[in-house]
Amino acid sequence: MCLYPNHTKFMERELKEVLIQQASNWLGIPMQTDWIQFQPTRKDVVGDLTLMVFPFAKALQRPPAEVAAILGEGLKNEVSYVEGYEVIQGFLNIIFSNDHWLHCLESMDRDDMYGISAPNSKPTVMVEYASPNTNKPLHLGHLRNIFLGYSVAELKKANGHRVVKTQVINDRGIHICKSMLAWQRYAPVLPNGERETPANTGIKGDKLVGKYYVAFEKHLQEELASVLERWKAGDFSGTSNAVQEKYKELTLACVGKDEKALAGIHDKIKELAKNETEILQAAKDMLVRWEARDPETYLLWSTMNGWVYEGFDVTYQRMGVDFDRLYYESDTFLLGKDQVMDGLARGVFFQKPDGSIWIDLSSEGLDEKLVLRSDGTAVYITQDIGTAIERFHNYQDLSGIVYTVGNEQDYHFKVLFLILEKLGYSWAKNCFHLSYGMVDLPSGKMKSREGTVVDADDLMEEVVMAATAMTEERGQIAALSEAERKALFEHIGMGGLKYYLLKVDPKKRMMFNPEESIDLMGNTGPFIQYTHARINSLLRKAEMETQVHALRIESNEIALIKTLSSFPSLIEEASEAYSPALLANYLFELTKAYNSFYQQCPILQEPDPSLRQARLILSSNVAKILGTGLRLLGIHAPARM
RNA sequence: GGUCCCGUAGCUCAGCUGGAUAGAGCAACUGCCUUCUAAGCAGUAGGUCUUUGGUUCGAAUCCAAACGGGAUCACCA
């Protein structure tokens, strides 16, 4: 707190103390702290900070304006930097002196890391994000997840936390066996005798594996259709009696049901038939062989996962994100099983006659939840239990984990955290599900089956191409080398995309409009980058002239300084709210305010050296904060564009 | 059906720990480049904050219900 003696929250606290001390003198009665409610003064009236007077007036049974005048007069006499006040209705608008704002500017100018708390001054938190399956490439949904997780990690760091960025890679399970099986069966043999690989086809590893996942699903659907056809015709050859009975039962249940119930029953029938397909059986057999560490299966598995990782690395690199430590589900699912057995012994879980292990959460208003299958294999949550505990073993000073995962898993995390708590881990209450909303397209939901999934690599390529075309047209890039230009196009395109995905409140479902995502104007990343670049150009030309001793500021400057001085508390707020959107909106407001100032006030042309110098320093600090803020969003701030 | 989330301008979103006349951006329309980068600025127009009750000095904000949209309730992940 004391790092920034001029920042907004600090002023509020100081004034609050004065009010509490002086209450009896001024008002004749002691003051209750909850009467004191500050808010920023509206832009269209005079004043820097507003005190709500209604609570005082109510308690004192006196008109608000009268009470406001007493408080205003008192603060003016008592506090050096309170220069005056205005009373409008029940609002006391406090006016700070010019000197106060000048000191604000000077102190932030001395601090290159203005707004950033001392590193490692707060507890260690782990931020998990990305966490993909290894059977298909990353898509638009992952982009929101990854940009969000990265930015939250950076915000936590900026707020003083030690941060460990991590992900858990879902490298194990039926989904990857499907790709493996399809590759084994359908990958063509090339003229040189090799099977298709990323190396001999030039296809990116994750894309190649994804291709076979799709192939698997296609063959599965075909076989499913023929099974259903056979059953419909009364042919149950090769089908067990139990399944046959179940099918007949479900078919009979269809009679007299409404449309919705009917759809549910049809889904169950499909599920039943799917399990009867040869190809799915083969994939399941492969999973069993994998768990038994069959050498051939294991080799194929590690080879194909290796392809995927190489592909992901390329994607992560372009995204500009990184991880401090990786966890693989293939390592942690066994730990999870151990934890479940341990919990069973301690009575946290219970076993059903078929051998499956459950937890009863009905006393918490939830259901019974499976934690280990009857065949002893792990489910999704088993692995999560193991991973969480492992992480606290690996990092002794870890205080909590942030899980960046979509809100479709709200229930899952509610259950997970409850289980961890019941297992007796006190840190469970410090685990937080950073639950973000789905990304919709103008055409509706993304659906892999309908081929409407937006591929992450393709999208990044498109936004950079669009940025390239527009920057070549209007950018001031004559002085840049070819390499610098390329980097600039990349920064603008990616900056636009990241800003577009981060500016919306993470909790909310959002609409992704491809055309808007490459816009340069209005509330966009490039708009902010542009202002940063323009200030840099200004500073290059000014070459920071000889130091003038007395700076001079006017009301034009004060409005901006006010915005700048709220940056530290904004970072804190955004960090605590896990919300890069708060920062994005702040940067947008600051940019608009500066552009307006820039248009209205001459800077280099200002004849008064004291004022010119103040405006340069002000501009330089706006650029500094835009740069810091953009960095926390994972966006580069070009020096020229 | 149970549980959870959402509903603000034509569109996309801020504002939500109750406070002044509900704000931006896009799209539309009007101006401003012989002057510090016009990816900019200034302005016009656009609203029953889904609806109905309640809480109180005061409600977009809190509570309840209705309507509309979404998610989830797997020996999937």
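Bear in mind the structure is a predicted one, so any value in this text is a computation, not a measurement. Every chain is numbered from 1, with letters handed out A, B, ... down the list of sequences.
- The residue A:K507 sits apart from the nucleic acid: no heavy atom pair falls under 4.0 Å.
- Nearest nucleotide to the side chain of A:L538, out of B:rA77, B:rU37, B:rA39: B:rU37.
- Listed nucleotides: B:rA14, B:rA20, B:rU37. Nearest to the side chain of A:V504: B:rA14.
- Taking the C1' atoms as reference points, B:rC29 lies 41 Å from B:rA66, given to the whole Å.
- Contact annotation for A:E589: no contact, since no heavy-atom pair falls under 4.0 Å across all strands.
- For A:N595, a side-chain nitrogen or oxygen approaches OP1 or OP2 of B:rC41 to under 4.0 Å.
- Each of A:S596 and A:Q37 was matched to the nucleotide of RNA chain B holding its nearest heavy atom; the match closer to the 5' end belongs to A:Q37.
- Contact annotation: A:K268 side-chain N/O to B:rA74 OP1/OP2 distance is not under 4.0 Å.
- Applying the 4.0 Å criterion to OP1 and OP2 of B:rA39, one finds that A:Y530 has a side-chain N or O inside that range.
- A gap of 14 Å separates the C1' atoms of B:rG46 and B:rU8, to the nearest Å.
- Using cut-offs of 30° and 60° for the angle between ring planes, the A:F56 and A:W35 rings count as perpendicular.
- Contact annotation for A:R42: base contact, defined as any heavy-atom pair under 4.0 Å involving a base atom.
- Considering only side-chain atoms of A:I603, the nucleotide from B:rA71, B:rC36, B:rC57 that sits closest is B:rC36.
- Using a cutoff of 4.0 Å between basic side-chain nitrogens and carboxylate oxygens, A:E364 and A:K414 are not scored as salt-bridged.
- Geometrically, A:K369 does not engage A:W358 in a cation-pi contact defined by less than 6.0 Å to the ring centre and at most 45° from the axis.
- Nucleic acid contact for A:E408: sugar-phosphate only, since backbone atoms but no base atoms lie under 4.0 Å from a heavy atom of the residue.
- For an aromatic pair to be called close, the ring centres must be under 6.0 Å apart, and A:H433 with A:F417 fails this.
- As judged by a 4.0 angstrom heavy-atom cut-off over every strand, A:F588 is placed among residues touching the sugar-phosphate backbone only.
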Check: Does the ring pair (Phe, Tyr, Trp, His ring centres under 6.0 Å) test come out yes or no for A:F527 and A:F588, once each step is laid out?
Finding: CA-CA 8 Å; A:F527 171 68; A:F588 177 57; 5.7 Å; yes
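- Pair check for B:rG43 finds B:rC29; Watson-Crick or G-U wobble, both atom distances under 3.5 Å.
- Nucleic acid contact class of A:P64 (heavy atoms, under 4.0 Å, all strands): none.
- Remark: the separation of the P atoms in B:rC76 and B:rG15 is 40 Å, to the nearest Å.
- In this model, the phosphate group of B:rC76 is approached by a side-chain N or O of A:R373 to a distance below 4.0 Å at OP1 or OP2.
- If you measure from atom NZ of A:K508 to atom P of B:rG7, you get 5 Å, rounded to the nearest angstrom.
- Closest to the side chain of A:R474, from the set B:rC73, B:rA71, B:rA39, is B:rA39.
- Stacking of A:R172 on the aromatic ring of A:F333 is recorded, both the 6.0 Å distance cut-off and the 45° axial limit being met.
- Rounded to a whole Å, the CZ atom of A:F38 is 17 Å from the C1' atom of B:rA20.
- At a threshold of 4.0 angstrom between heavy atoms, the contacts of A:M521 are confined to the sugar-phosphate backbone, with no base atom among them.
- Base orientation of B:rC33: syn, the glycosidic angle falling within 90° of 0.
- Taking the nucleotide of RNA chain B with the nearest heavy atom to each of A:A533 and A:I88, the more 5' of the two is matched to A:I88.
- Regarding contacts with the backbone of B:rC57, a side-chain N or O of A:K58 is found under 4.0 angstrom from either OP1 or OP2.
- If you measure from atom CG of A:L520 to atom P of B:rG40, you get 8 Å, rounded to the nearest angstrom.
- B:rU61 and B:rG19 are spaced 10 Å apart, taking the P atom of each and rounding to whole Å.
- For A:R534 and B:rA38, the shortest distance from a side-chain N or O to OP1 or OP2 is below 4.0 Å.
- Backbone-only engagement by A:F527 is indicated by non-hydrogen atom pairs under 4.0 Å involving sugar-phosphate atoms exclusively.
- Here B:rA60 presents its P atom at 21 Å from CG of A:D505, a figure rounded to the nearest Å.
- Counting to the nearest Å, the P atom of B:rA77 and the CD atom of A:Q383 are 10 Å from each other.
- Side-chain atoms of A:N93 come within donor-acceptor range of the base of B:rA20, with a qualifying N/O pair under 3.5 Å.
- As rounded to the nearest Å, B:rA74 and B:rG7 have C1' atoms that lie 31 Å from one another.
- Stacking is not found between A:Y598 and the pyrimidine-like six-membered ring of the B:rG40 base under the 5.5 Å centre-distance and 30° plane-angle cut-offs.
- Using N1 to N3 plus N6-O4 or O6-N4 for Watson-Crick, or N1-O2 and O6-N3 for G-U wobble, each under 3.5 Å, B:rA64 pairs with B:rU52.
- One can place CG of A:N523 at 14 Å from C1' of B:rC11, the figure rounded to the nearest angstrom.
- Contact check on A:K562 versus A:E557 returns no salt bridge, with no Lys/Arg side-chain nitrogen under 4.0 Å from an Asp/Glu carboxylate oxygen.
- Rounded to whole Å, the C1' atom of B:rG43 lies 28 Å from the corresponding atom of B:rU48.
- Nucleic acid contact for A:M641: base, since at least one base atom lies under 4.0 Å from a heavy atom of the residue.
- Residue A:F91 places its side chain closer to B:rG19 than to any other of B:rC36, B:rG19, B:rU37.
- Residue side chain A:T524 does not reach the base of B:rA39 through any donor-acceptor N/O pair under 3.5 Å, judged by distance alone.
- B:rU50 and B:rA60 have their P atoms separated by 10 Å, given to the nearest Å.
- B:rG47 and B:rG10 are spaced 12 Å apart, taking the C1' atom of each and rounding to whole Å.
- A:K369 has its NZ atom 10 Å from the P atom of B:rA77, to the nearest Å.
- A cation-pi arrangement is not found for A:R144 relative to A:Y436, the charged atom failing to lie both closer than 6.0 Å to the ring centre and inside a 45° cone about the ring normal.
- At the heavy-atom level, A:Q529 lies nowhere under 4.0 Å from the strands shown.
- Within 4.0 Å of A:T471, counting heavy atoms only, lies at least one base atom of the nucleic acid.
- Note: CD1 (A:I535) to C1' (B:rG40) measures 13 Å, nearest angstrom.
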Next item on the list: Evaluate the criterion side-chain hydrogen bond (donor to acceptor under 3.5 Å, both in side chains) for residue pair A:T524 and A:D519; output intermediate values, then yes/no.
Entry: CA-CA 7 Å; A:T524 67; A:D519 271 352; over 6 Å; no
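- Among the atoms of the strands shown, only primed sugar atoms or phosphate atoms (P, OP1, OP2) are found under 4.0 Å from some heavy atom of A:N133.
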